[in-house]
There are 2 protein chains.
Amino acid sequence: MSPKVSEAHKEQRRADILQAAEKVFAEHGYEKTTMKHIMDEANVSRGGLYLYFSSKEDVFETLLEEDILSYQEKMRKHLQSETNNTSYWHTLLTTLYGNEKHENMAIGPASSTILEFFITGRNDEERRSYGKKRYTLAIQMYIDIIEKGKESGEFSQEAQSDMIARSIVAFTDGVFLDYTIVGNEDVKMNEQIKYFTHYLAFALGVKQT
Amino acid sequence: MSPKVSEAHKEQRRADILQAAEKVFAEHGYEKTTMKHIMDEANVSRGGLYLYFSSKEDVFETLLEEDILSYQEKMRKHLQSETNNTSYWHTLLTTLYGNEKHENMAIGPASSTILEFFITGRNDEERRSYGKKRYTLAIQMYIDIIEKGKESGEFSQEAQSDMIARSIVAFTDGVFLDYTIVGNEDVKMNEQIKYFTHYLAFALGVKQT
DNA sequence: TTGAAAAAAGACACTAGTGTCGTTATAATG
DNA sequence: CATTATAACGACACTAGTGTCTTTTTTCAA
C-alpha cells in the first residue's frame with residue numbers, strides 16, 4: 001500500500017519493521033532469527049524488507065544503535081536531574097538495578113540477544129570493536145558517577161574509580177550471563193545483587209542505608 | 001586403512017576425530033564450525049565421520065562431557081592432595097586462577113565456545129538443563145572448599161558459603177565474558193582478579209598474604 | 001484522469017549446509 | 001590365500017536460508 005510516498009511514511013514503515021524485528025529477535029535470539037521471521041512479523045514482503053535493510057546484521061545493528069542512544073539519554077538525564085544530585089550512591093544504585101521501584105537490572109530477552117550477537121561475532125573485527133565501544137562506554141559511565149561522588153565527599157578518596165567500575169561491569173555481566181543460561185530462580189539474582197551492593201558500599205566507603 | 005578392526009582402533013579413530021574437532025571448535029566457535037571443517041581437520045570422510053557421531057551437537061557434547069570429567073578429576077585431586085590441605089585459601093586461589101605459576105584463569109577459545117554453545121542454545125530445554133548442571137556443579141565445588149575452610153577455622157564463621165560461591169562464579173563468568181568480547185588488554189583482567197581477591201579475603205575473613 | 005515514479009511483492013536462482021546410502025577397499029580369520 | 005564383515009568413502013538428494021530481479025500495484029502530480 002504505497003509508492004512515491006512521503007518521507008514520513010517511509011520513516012514509519014522502517015520503524016514498524018524495526019519494532020517487529022525487535023520482537024522476533026527477542027523471541028528467537030540472533031542466530032536463529034531469519035529475514036523470513038522479520039518479514040512475517042512486520043507484514044512486509046521479501047523485496048520490501050530488502051528495500052529498507054540490506055541484511056539481518058543491518059537490521060540488528062540499527063536496533064543496537066537505537067539502544068545505545070536511549071541508554072545514553074537515560075544516563076544524561078540521571079546525572080542532570082536535581083533530585084539525584086543529592087546522592088551519587090543513589091544514582092549508582094538506580095543505574096545498576098533499574099528505577100526506584102527496586103526493579104531488577106535491565107535484563108531481558110533483548111539483552112541476551114545482544115550478548116549472543118557479540119559472542120558469536122567475537123572473531124569478526126568489526127563486531128569486536130563495536131563491542132569494545134559499548135564496554136568502554138559503560139565503564140566510563142560508572143567512572144563518572146564514582147568520580148563525582150568522590151568530589152562531593154560522598155565516597156572515599158581511596159576508592160579506585162577505574163577498578164570499581166570494571167568490577168561493577170564484570171559482576172553485572174556475570175550475573176546476567178548466568179541468568180541467561182540458567183534462569184532467575186537458580187541464580188538467586190536478587191540476593192546476589194544485595195550481596196554485591198554491600199561490597200560496593202564497602203569499596204566506596206559508604207555507610208549503607 | 002581399516003575394516004573389521006579392533007575395538008582399540010575404533011577408540012583411537014574416535015579420539016582423533018574429537019581432537020580435531022576440539023581444534024576447529026576453538027578456531028571458529030560453535031555456530032560457525034561445520035561438519036566439513038571437522039572432516040577436513042580429522043582427515044576423515046563425511047560417511048566416516050557420521051559413523052562415529054550423528055551430528056555436530058553430538059560431537060560437541062562429547063567434548064563437553066570429557067571437559068567436565070577432567071575438571072572434576074582435577075578438583076578431586078586438589079582437595080585430596082596433602083600439600084593443599086594446609087590452606088583452603090590457597091586451594092581456592094589455585095582453583096580460581098589456575099596453577100601455582102600464577103597463570104590466568106582457565107580462559108581460552110574452548111571456554112568461549114562453551115559459552116557460545118549455552119547462550120545460543122538458551123531456548124533449548126536440553127541445553128538449558130545441561131547448563132544448569134554445570135552451574136550447580138561449579139557452585140557446589142566452591143561451597144565445599146569454603147565450608148572446609150570454615151571447619152578448619154581458616155575462614156570466618158560468618159561467611160555465607162552459598163552467596164560467596166555464587167559471587168565467585170558470577171564474577172569469573174563476567175570477567176571471562178568481557179574478555180571474550182573485548183579482549184585481555186582492555187579488560188585489565190589481572191588487575192581485576194587481584195582486586196576481586198582482596199574482596200574475597202575480606203568476605204571470608206582471611207588475612208592476605 | 002491519467003501517466004510516471006517508485007514502493008511493494010514474490011518468484012527465482014544460488015549457496016551452504018545436512019544426513020543418507022550404495023559402493024569400494026581392507027583387516028582379521030579360517 | 002580366500003573369504004567376509006565392515007570401516008571408510010564420496011556422490012546425492014534434500015533443506016533452509018540468502019539476495020536479486022522482474023512484475024504488479026499504488027500514490028502523487030500535472
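Below, chains carry the letters A, B, ... as their sequence lines are ordered, and counting in each starts from 1. Just so you know, these numbers come straight off a predicted model, no measurement behind them.
By the ring pair (Phe, Tyr, Trp, His ring centres under 6.0 Å) test, A:Tyr195 is found to be paired with no residue, residues two or more places apart in sequence or in another chain being considered. Taking B:Lys23 as the reference, B:Glu41 meet the side-chain hydrogen bond (donor to acceptor under 3.5 Å, both in side chains) condition, with sequence neighbours excluded. Under the rule for a ring pair (Phe, Tyr, Trp, His ring centres under 6.0 Å), A:Phe155 has no partner lying at least two apart in sequence or in another chain. With sequence neighbours left out, the ring pair (Phe, Tyr, Trp, His ring centres under 6.0 Å) criterion links B:Phe60 to B:Phe25, B:Tyr30, B:Phe117.
Distance A:Leu49 CG to C:dA7 P: 15 Å, rounded to the nearest Å. Atom CG of A:Asp16 is separated from atom P of C:dA7 by 16 Å (rounded to the nearest Å). Between B:His9 atom NE2 and D:dA7 atom C1' there is a gap of 9 Å when expressed in whole angstrom units. Residue B:Ile17 contributes atom CD1, which lies 11 Å from atom C1' of D:dA7 at whole-angstrom precision. Rounded to an integer number of Å, the gap from CD of A:Glu57 to C1' of D:dG17 is 16 Å. Rounded to an integer number of Å, the gap from CD of B:Gln12 to P of C:dA27 is 16 Å. Across the protein-nucleic acid pair, A:Glu7 atom CD and C:dA7 atom C1' stand 13 Å apart, rounded to whole Å. Rounded to an integer number of Å, the gap from CG of A:Asp40 to P of D:dG17 is 11 Å.
Applying the 4.0 Å criterion to OP1 and OP2 of C:dA9, one finds that A:Ser45 has a side-chain N or O inside that range.
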Would you tabulate the side-chain donor-acceptor contacts of residues 161-170 of chain A under 3.5 Å, counting partners in other chains and residues two or more places apart, or write 'none'?
from	atom 1	to	atom 2	distance (Å)
A:Ser161	OG	A:Glu147	OE2	2.5
A:Asp162	OD1	A:Arg166	NE	3.2
A:Asp162	OD2	A:Arg166	NE	3.1
A:Asp162	OD2	B:Lys188	NZ	3.4
A:Arg166	NH1	A:Tyr135	OH	3.4
A:Arg166	NH1	B:Asp186	O	2.6
A:Ser167	OG	A:Met163	O	2.9

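A salt bridge is absent between A:Glu11 and A:Arg14; no separation between the charged side-chain nitrogens and carboxylate oxygens falls under 4.0 Å.
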Distances under 3.5 Å only, N/O to N/O: pair up the protein atoms with those of nucleotides 19-22 of chain D.
from	atom 1	to	atom 2	distance (Å)
D:dG19	OP2	A:Tyr50	OH	2.5
D:dG19	N7	A:Arg46	NH1	2.7

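Looking at the side chain of B:Arg13, the nearest of the listed nucleotides D:dA8, C:dA9, C:dA8 is D:dA8. Side-chain proximity of B:Thr34 to C:dT18, C:dA8, D:dG17: nearest is C:dT18. Residue B:Lys10 places its side chain closer to D:dA7 than to any other of C:dT18, D:dA7, C:dA8.
A heavy-atom distance below 4.5 Å is found between the side chains of B:Arg134 and B:Ile114.
When heavy atoms are screened at a 4.0 angstrom cut-off, A:Tyr52 is found touching the sugar-phosphate backbone but no base atom.
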